[in-house]
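All remarks here apply to the structure that follows.
Sequence lines set the chain letters: A, B, ... in the order given, protein chains first and strands last, and positions in each chain run from 1.
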2 protein chains.
Amino acid sequence: MSEISETLHERGRYATRTRERIAAVLRDERRYLTPHAVHELLLSRGASISLSTVYRTLELLVGLGIAAARSDEHGQNAYVFCTVQHHHHAVCRSCGRVEEVRCGPLERFARDLRNDQGFEMEDHAIELYGRCADCTQR
Amino acid sequence: MSEISETLHERGRYATRTRERIAAVLRDERRYLTPHAVHELLLSRGASISLSTVYRTLELLVGLGIAAARSDEHGQNAYVFCTVQHHHHAVCRSCGRVEEVRCGPLERFARDLRNDQGFEMEDHAIELYGRCADCTQR
DNA sequence: ATAGGTGCAAACGGTTTGCAAATAG
DNA sequence: CTATTTGCAAACCGTTTGCACCTAT
């Protein structure tokens, strides 16, 4: 039984082949994909799953902590496979690959912000853009 | 002549009362507003401006560097008044007020990222959430 | 006079939803 | 057997667009 099926069972949801296949696309691609793009990839793998199920399942995976969502540059939702809890994403502008990054030395930043502007930081969202190791070498 | 009218002239665009009024709403509110919310505020100020003009003007202001856009939590576009070029936003969870923040000590972060994962950071997007000075004191 | 702006209504397109049939447990 | 999931088609709703009229220069 796959890791995703286990998580589904833990939460009292049904583990289905449809869900496995959708999660597999995210896991294999590791880049931000729109529901439409996920659907296309499923079709190209020979899995005929409806677009509405793709929408529903992607939201489910976000709820399970298996995927993260954001709005892409055209305002569409995009989803990426996710493994750890609090982290940020480094998006390669060349190949689109998304790497996970720990948030690191933000405590100092938070302290300066409090001293300078009186703003009490509680949370943060960071996205980094650049070139991944593979694409830099090319 | 207002600052916005000047900028419009510099870019060869017409300065209109409609545009002044839309920009004034952003300037007075200083929080993220959807086109719909801007429209409502205009109406409550007695200005009957069409929603499509609000959409067009907000995008225009972004192009002029007078406003910044993002997708809100519901996937809708939201706009905020903006004065300086490269900066980030600290959003107060209590009153919604948006403050501008300089990006500060991210060079060290970028260096660590390159050393650890080989990722060459070229750009970054940061949003901070918390409580502004006024709301913290309450 | 003319290039550019605005309002209106219709079109567009991503996303959600209601419901009957299919499937997991 | 029962609760959940899925596919389909329609509805939804934020956003864009075409066009006639209006306004700034």
Problem - Minimum-distance pair of heavy atoms, taken over all atoms of A/Arg11 and A/Gly63 - result: NH1-O, 3.7 Å

Fill in the blank from the handout: Output for pair (A/Phe81 CZ, A/Tyr32 OH), nearest 0.5 Å, gives 13.5 Å

Problem - Phosphate OP1/OP2 of D/dT23 contacted by B/Arg17 side-chain N/O (<4.0 Å) - result: no

Handout entry: side-chain N/O B/His74 vs D/dC13 OP1/OP2, d < 4.0 Å
Key = no

Exercise for the section: Each residue besides A/Leu43 in its hydrophobic cluster should be listed here, by chain and number; the cluster joins Ile, Leu, Val, Met, Phe, Trp and Tyr at side-chain heavy-atom distances under 4.5 Å. Expected result: none

Completion exercise
Output for pair (B/Arg70 CZ, B/Asn77 CG), nearest 0.5 Å, gives 10.5 Å

Fill in the blank from the handout: Span of DNA chain C engaged by chain B, first through last nucleotide within the 4.0 Å heavy-atom cut-off, is C/dA3 to C/dC8

Handout entry: N or O in side chain of A/Arg13 less than 4.0 angstrom from D/dT5 OP1/OP2
Key = yes

Practice task
Might you work through the ring-ring contact (aromatic ring centres under 6.0 Å, His included) test for A/His124 and A/Phe109, ending with a clear yes or no?
Solution key: CA-CA 11 Å; A/His124 56 273; A/Phe109 191 82; 9.3 Å; no

Completion exercise
Result for 5'-nearest mapping on DNA chain C, choosing between A/Asn77 and B/Ser48, is B/Ser48

Practice task
Would you mind reading off the distance between B/Arg19 atom CZ and D/dT25 atom P, rounded to a whole angstrom?
Solution key: 10 Å

Handout entry: Atom-to-atom span, CD of A/Gln76 to C1' of D/dC13 - whole angstrom
Key = 15 Å

Problem - Atom-to-atom span, NE2 of B/His36 to C1' of D/dC12 - whole angstrom - result: 15 Å

Practice task
Rounded to the nearest angstrom, tell me the gap between atom CZ in A/Arg11 and atom C1' in D/dT5.
Solution key: 18 Å

Exercise for the section: Please round to the nearest 0.5 Å and tell me the distance separating atom CD of B/Glu20 and atom CZ of B/Arg27. Expected result: 7.0 Å

Fill in the blank from the handout: Computed from five pairs at either end and rounded to 10 degrees, the angle between the axes of the helix from C/dA1-D/dT25 to C/dG25-D/dC1 is 40°

Practice task
Mind checking the OG1-NE2 spacing from B/Thr53 to B/His39? Nearest 0.5 Å is all I need.
Solution key: 8.5 Å

Handout entry: Euclidean distance, atom CD of residue B/Glu20 to atom P of D/dT23 [Å, nearest integer]
Key = 17 Å

Problem - Closest-nucleotide ordering on DNA chain C, the 5'-leading residue of B/Gly12 and B/Val54 - result: B/Gly12

Practice task
Just call it for A/Thr18: base, sugar-phosphate, or nothing, with non-hydrogen atoms closer than 4.0 Å on any strand.
Solution key: sugar-phosphate

Problem - Nearest-angstrom distance from the residue atom CG of B/Asp72 to C1' of D/dT15 - result: 14 Å

Handout entry: Residue met sooner reading DNA chain D from 5', once A/Ser50 and B/Ser52 are mapped to nucleotides
Key = A/Ser50

Fill in the blank from the handout: Note: A/Val91 and B/Phe119 closest approach over all heavy atoms is O-CZ, 3.5 Å

Handout entry: Residue met sooner reading DNA chain D from 5', once B/Thr16 and A/Ile49 are mapped to nucleotides
Key = A/Ile49

Handout entry: Separation of A/Ile66 CD1 from A/Ile22 CD1 (nearest 0.5 Å)
Key = 12.0 Å

Handout entry: Separation of atom OH in A/Tyr55 from atom P in D/dA11, rounded to whole Å
Key = 18 Å

Handout entry: Minimum-distance nucleotide (side-chain atoms of A/Tyr14 versus D/dA3, D/dG14, D/dT25)
Key = D/dA3

Exercise for the section: Find the distance B/Leu51:CG to D/dC13:P and express it as a whole number of Å. Expected result: 15 Å

Handout entry: NZ/NE/NH1/NH2 to OD/OE distance under 4.0 Å, A/Asp123 and B/Arg93
Key = yes

